[in-house]
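Data block below; observations after.
Basis for what follows: all heavy atoms, side chains included, without hydrogens, waters or symmetry-related copies. Order of the sequence lines fixes the chain letters, A, B, ..., with proteins taken first and strands second; residue numbering starts at 1 for each chain.
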Amino acid sequence: MSLKDRKRFEPSEVEPRIVARWLESGLFHPEPEGSPAENFSIAIPPPNVTGALHMGHALNGSVQDTLIRHARQQGRRAKWILGTDHAGIATQTQVEKRLVGEGTTREAIGRAAFIEKTWEWRAEFGGTIIEQFKRLGASLDYEQERFTLDEGYVKAVLKVFVDLYSKGWIYRDNYMVNWDPGSGSAISDLEVEEREADDTLFHIAYPLSDGSGEVVVATVRPETMLADVAVAVHPDDERYKDLVGKTVTLPLVGRELPIIADEYVKTDFGTGCLKITPGHDPNDFEIGRRHGLPELSAIGEDGRMTDLVPQFEGLPVAEAQAAVVVALDEIGAIRAREPYTHTVPFSHRSGQRIEPLISLQWFMKMDELAAPAIAAVRDGKLRIHPESQSRRYVDWLENIRPWCISRQLWWGHQIPVWYRDEQVYCGATAPEGDGWTQDPDVLDTWFSSALWPFATLGWPDETPELQAFYPTDVLSTARDILFLWVARMVMMGIELTGETPFSDVYIHSVIQAPDGRRMSKSLGTGIDPVDLIDAHGADGVRFGLLAMSSTQDVRFSEEKVAQGQALANKLFNATRFVITNAAEGIAPAASPQTVEDRWILSRLGAARADFAARVEAFDFSKAALGLYDFVYGELCDWYLELIKGREFDDMLSAHLLHVLRETVVLAHPIIPFVTEELWPHVGGEGLLAAHVAGDVVAPRDLDAEREVERVIATVQAVRSWRDAGGVKPGAFLAARCDGLDDELVALVARLARLTPVTDDDRAPVAVIPVRGCQVELLEGVDPQEAAAKVEAARKALQGEISRAEGKLSNQGFVAKAPDAVVAAEREKLDRLKAELAAL
RNA sequence: GGGCGGUUAGCUCAGUUGGUUAGAGCACUCGCCUUACAAGCGAGGGGUCCCCAGUUCGAGUCUGGGACCGCCCACCA
């Protein structure tokens, strides 16, 4: 169907065609040439391989694609690096669920078969999100898709492990970890979230071994007492000073525990006596190490009681607690119990309560890695937007602790360490000889993600891609993985490549549900961006999400998406109007003949400059809304209406095509589909996505802007009078126009539906003053209506005049305000008085 | 317990270094199928800028205090 006959832009019909053309063109896969300084690259935050597109992906995709397309328009070779993350725990959990559905378990089929199953799972579901990104119009390099477990990537990960191991920064230790019973694995501090829980605080009496009394300790975890190794008091606590050095006898167990002094203990909390359980409490662990205390484990990695106290062996933790309480009650050791609300750690992944326990794990030393990552931000080599986030970044890095990098999973990079008797071997490949067993653990998924910007480009090999596109330019992501991922990429990037892996980090908004709650599947508050694309088109979704975004979290509003859809449709119809009227076979060219022609060129230039500045400042909301204002408020509402009375000669046709063509270019980074569709109709050649716009912007024409602004103000004033006076919209009214030259009068007359007269000396029924000129309506308006309107206008003017006079008679204002402000106030007063006089 | 951000029209949000009568989109009211678009066009109504105090000739904007909401960090049993 010809464009002229399509009354509406139909995204569902257009989008698949456009995507196909983009993909065929090879445009999204730039050759690795040139230098990183002249090229532009972004590495996408790798979505989980089995994930589906959610609102965060859609917003972040819109942001990154806008940046990438903007860079392409500037003639930069732009590469948006694509790939997915193997997502250890998340993927393993899904595959395990499937196995259960098939009546088996991962333990039953064994490690090798399980990993094979997981690769099958990836083959089956791994492509979903990539296809969804295509629907969004994301101009990712689909020809070079990476995976954090592909061959080259594995090579990079193993090399990093081996290198940092030999540097002594990766080590194995028995240490307190966050044990997640849900995934059966240790997890890092960052994967723990605090939640409020209602518990009971038990006060338990520990008798002194010499029979001279007792001390009372408070705990919400009575079952951990089985692993107590000491009781601590504050060294300055007068109540207990004399007890330090004595021992108590642990109830139920009979072990003698020393009473020690440690400044950690708060004298004003509870009883001032703290039971020390290094095996099951992070603080107690630290205290235990300070005092050289033994580390006992009452709870095992299976979430059941160990054989430390045979009476409770094998009981799940919750049952053990009940049993311990019963036993303590029997001997009358519980002095008090009170309800207690506090925060306790939960696994972010499995949602289960974290069990702190001591475990043999791999750790990475972070201090030396953190220092240059802090310096990068301090020196301005790395800029974080919004700026307020850089403080969070620095604070976290300054207080960084060792990172537990081992996970008791099967799906991931297996730790490249082998054991044989007392021997330990670390290397990228298995050691020679028999009898070696590889460490069964895999690396934290974030260990491999930390290498993302360079491992995806072929590091550690000096590939052409690495030379052309690394370091990358921008990293765009949500706030919640600033530490988990961004900071670690910076640390690893600087350590391994000597370069900050990107120069700008953009932290985008989190989009909440319309009611302000979190968008989540489990709450039922999620909105599927693909459904939105179906309903409003990808352009509408992109525009809407960008227009919503901000420097903080925002609520989702479908109206903004609809606004974007309306914009796409508006641009489509504006183009349709121009090409149905323009002379045939005319090439676009700026050829202004009239004041409005000059005006729109000036406004277009301003819109372009503004758009570029907004995008480069990561202010996508303003970029999108500014585009909307230009297209609606200036191009369609005024310019196209202003030219409608004119003959579409060659010069006007060429000029209109030029304006439309440049508008389509301007809008392309945000609404690529409709603009690509229109491109050939406004004289564009090839793909708009490949079009280099350059950055030369025509100088503003302020004279034309002033004149057309007067026309607009006059038209609006007359329309307002007509409407208030009940004039039929179609009627042309005779009017005298003073203070405007003929060209402007003609414009006003057409848009306000006036018949300008000069030889009619009837008395006006209404006088409309506006910006130094006035329009006298000679007919149409009902005299009474007119009188009421005049009265209202007079009242408003008088209000303003007295306000201005009051200001100017205020000595403080005249004496202290800047001269320009005072002068402006005087000018305004004069203008108001003139307008009042004209009424 | 610390830190950060927010509070402006019915809703979602703008508001530059303090300076016209505080804006937009959506919603609402009235009028229009005016030959690009009724998913459109025109004209309107609607605000105690969270509260209190202060600085200033002048405060939505700056300062102090408070209230409420959200987020981040944190080892009080």
If we call it a pair only when both distances are under 3.5 Å in a Watson-Crick or G-U wobble match, what pairs with C33(B)? none
So what does Val578(A) hit on the nucleic acid, given a heavy-atom distance under 4.0 Å: a base, only sugar-phosphate, or nothing? nothing
Whole-Å distance between G19(B) C1' and Arg826(A) CZ? 15 Å
Electrostatic pair Arg353(A)-Asp199(A), nearest N-O below 4.0 angstrom: yes
How would you label the contact of Arg221(A) with the nucleic acid (heavy atoms, under 4.0 Å): base, sugar-phosphate, or nothing? nothing
Using atom CG of Asp637(A) as one end and atom C1' of A43(B) as the other, report the distance to the nearest whole Å. 13 Å
Please give, in whole Å, the distance from G1(B) P to Asn399(A) CG? 21 Å
Look at all strands and tell whether Phe202(A) reaches a base, only sugar-phosphate, or nothing, counting heavy atoms closer than 4.0 Å. nothing
How close or far is atom P of C41(B) from atom CH2 of Trp638(A), stated in whole angstroms? 12 Å
Span that lies between the P atom of C73(B) and that of U55(B), in whole angstrom: 41 Å
Can you find a donor-acceptor pair, distance only, under 3.5 Å between Glu641(A) side chain and A36(B) base? yes
Quick check: on RNA chain B, is the nucleotide nearest Lys807(A) upstream (toward 5') of the one nearest Pro282(A), or the reverse? Name the residue that is more 5'. Lys807(A)
Establish, from distance only, whether the side-chain atoms of His280(A) and Glu223(A) form a donor-acceptor pair under 3.5 Å. no
Given U34(B), U12(B), A77(B), the nucleotide with the shortest approach to the side chain of Val265(A): A77(B)
Quiz item: Tyr264(A) side-chain donor-acceptor pair to C76(B) base, under 3.5 Å: no
Do Gln389(A) and Arg392(A) have side-chain N/O donor and acceptor atoms under 3.5 Å apart? yes
Check the phosphate of A36(B) against Lys644(A), side-chain N and O only, distance under 4.0 Å to OP1 or OP2. Yes or no? yes
Does Arg8(A) make a side-chain N or O approach to OP1 or OP2 of C37(B) shorter than 4.0 Å? no
Contact under 4.0 Å: Lys570(A) side-chain N or O vs A38(B) OP1/OP2: no
G5(B), OP1 or OP2 - any side-chain N/O from Thr551(A) closer than 4.0 Å? no
OP1 or OP2 of A14(B) sitting under 4.0 Å from any side-chain N/O of Ser550(A)? yes
Do the non-hydrogen side-chain atoms of Ile768(A) and Thr714(A) ever get within less than 4.5 Å of each other? no
Whom does A14(B) pair with, Watson-Crick or G-U wobble, provided both distances fall under 3.5 Å? none
Does the side chain of His348(A) pick up a donor-acceptor pair with the side chain of Glu193(A) at under 3.5 Å? yes
Under 4.0 angstrom, heavy atoms only, what part of the nucleic acid is Gln565(A) near: base, sugar-phosphate, or nothing? base
Quick one: is Lys622(A) getting a side-chain N or O under 4.0 Å of the U16(B) phosphate, OP1 or OP2? no
Side chain of Asp723(A), heavy atoms from C-beta onward: which of A43(B), G25(B), A36(B) has the nearest atom to it? A43(B)
Expressed in angstrom and rounded to an integer, what is the separation of Asn573(A) atom CG from A39(B) atom P? 12 Å
Please find the pair of heavy atoms, one from Cys273(A) and one from Tyr240(A), that lie closest to each other, and give the distance. SG-CZ, 3.4 Å
Round to a whole Å and report the spacing from CD of Gln512(A) to C1' of C13(B). 14 Å
Look through every strand shown and name the nucleotide pairing with G45(B) as Watson-Crick or G-U wobble, where both distances are under 3.5 Å. none
Check every strand shown and say whether Pro514(A) touches a base, only sugar-phosphate, or nothing at a heavy-atom separation below 4.0 Å. nothing
Between atom CG in Asp480(A) and atom C1' in C73(B), what is the gap in whole Å? 15 Å
Is there a Watson-Crick or G-U wobble partner for C71(B) with both distances under 3.5 Å, and if so, which one is it? G3(B)
Please work out if Ser720(A) contacts a base, only the sugar-phosphate, or nothing of the nucleic acid, heavy-atom cut-off 4.0 Å. sugar-phosphate
So, Ser390(A) versus Glu387(A): side-chain donor-acceptor pair below 3.5 Å or not? yes
With a 4.0 Å limit, can you tell me whether Tyr340(A) has a side-chain N or O closer than that to the phosphate oxygens OP1/OP2 of A77(B)? yes
Across the strands shown, which category fits Gln811(A) at heavy-atom distances under 4.0 angstrom: base, sugar-phosphate, nothing? nothing
Output the rounded distance in Å from CE (Met548(A)) to P (G25(B)). 17 Å
When both distances are under 3.5 Å in a Watson-Crick or G-U wobble arrangement, the nucleotide paired with U61(B) is none
